[in-house]
Amino acid sequence: PVVPGIAPLLSVTVPSGTPIDMAQNPLGADATGLGGAQLGAGIALEKTFGRMLLALTGTAAFHGARTVHDLHSQLGPDLAGTLGVSYTFPKGLSLGGALTYTGSWDSTVAGASVPDSARALTTLALVSALPLKGGMRLLGSLFFTPPFSGVGQNEIGTVGLSLTMIYAVAGDNKSCG
């Protein structure tokens, strides 16, 4: 069929952990969260072309306001888009890549916009999925956020690795082919 797979996305983030204003260690090293709620929505589209998968995701996020020491502040809304492509080999191994861009509007403090407080982040990722025995699958990614102006603003450059083990408890475990 010509119609891609379509999935609506919804996320709710509640304040948890330790916000920076409650941190005890020097430089706030023990802070574990922003201390504010966030609501997000978006849409994901996927389409296969033989052994190739093309994915496109768009999201918007809205941050709740916070008041710390009688100072009211709120991060600006975020928009993000991800373009991903992967190829699945005959034995089920998948390799791919993704490009994600996230941008925000300026934050507000005490009801006034704070110039140049908007954030932007570009991330490149190499991804892989390896099917194992018994419904198990190993997922991995190597990601890179370049430290260059023009692709990022008010964010740091990073390099990271993620590994995830998935166990399928139900459903059809077919691979492309």
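Here the structure is a predicted model, which means the values were calculated and not measured.
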Under 3.5 Å: donor-acceptor pair, side chain of S141, backbone of L126: no

Looking only at heavy atoms, the pair that brings A120 and Y101 closest together is CB-OH, 3.5 Å

Are L99 and F144 in one and the same hydrophobic cluster, where Ile, Leu, Val, Met, Phe, Trp and Tyr link if side-chain heavy atoms are under 4.5 Å apart? yes

Residues in side chain to side chain donor-acceptor pair (under 3.5 Å) with Q38, at least two apart? H63

Do I166 and L139 come within less than 4.5 Å of each other through their side chains, counting heavy atoms only? yes

T82-T57 side chain donor-acceptor pair, cut-off 3.5 Å: no

Linking directly or through intermediates, with side-chain heavy atoms under 4.5 Å: list the remaining ILVMFWY members grouped with V12, chain and number order. L10, V14, L39

Sequence neighbours left out, what passes ring-ring contact (aromatic ring centres under 6.0 Å, His included) with Y87? Give chain and number order. F89

Should L54 and F49 count as side-chain neighbours, where that means a heavy-atom distance under 4.5 Å? yes

For the hydrophobic clusters of this structure (ILVMFWY residues joined by side-chain heavy atoms under 4.5 Å, transitively), does one cluster hold both L9 and L53? no

Could you report the tightest heavy-atom contact between R137 and G92, atom names first, then the distance? NH1-O, 4.1 Å

Should P8 and I43 count as side-chain neighbours, where that means a heavy-atom distance under 4.5 Å? no

Side chain to side chain, P90 and R51, heavy atoms closer than 4.5 Å: yes

I need the minimum non-hydrogen distance between S94 and T88, along with the two atoms involved. OG-OG1, 2.9 Å

Which heavy atom of T145 sits nearest to which heavy atom of T123, and what is that distance? OG1-OG1, 3.3 Å

Measuring from atom CG of L163 to atom CG of L130, what distance do you get when rounded to the nearest 0.5 angstrom? 11.0 Å

With A37 via side-chain contact (heavy atoms from CB on, under 4.5 Å) - residues at least two apart: P15

Around atom CG of D116, are there more than 12 heavy atoms from other residues, nucleotides or ligands closer than 6.0 Å? no

Joining Ile, Leu, Val, Met, Phe, Trp and Tyr whenever any side-chain heavy atoms lie under 4.5 Å apart, the cluster holding V109 also takes in L71, V114

Out of curiosity, does M136 fall in the hydrophobic cluster containing L93 (side-chain heavy atoms, cut-off under 4.5 Å, transitive links)? yes

Which heavy atom in A60 sits nearest to a heavy atom in L79, and how many Å separate them? CB-CD2, 3.6 Å

Can you tell me which residue pairs pass the side chain to side chain donor-acceptor pair (under 3.5 Å) test with a partner in residues 102-114, sequence neighbours excluded? S104-R119

According to a hydrophobic-cluster definition based on side-chain heavy atoms being under 4.5 Å apart (Ile, Leu, Val, Met, Phe, Trp, Tyr only), do L138 and L95 belong together? yes

Just do the side chain to side chain contact (heavy atoms under 4.5 Å, CB included) check on M165 and L132 with the steps written out, would you? CA-CA 10 Å; M165 180 75 73; L132 304 172; 3.9 Å; yes

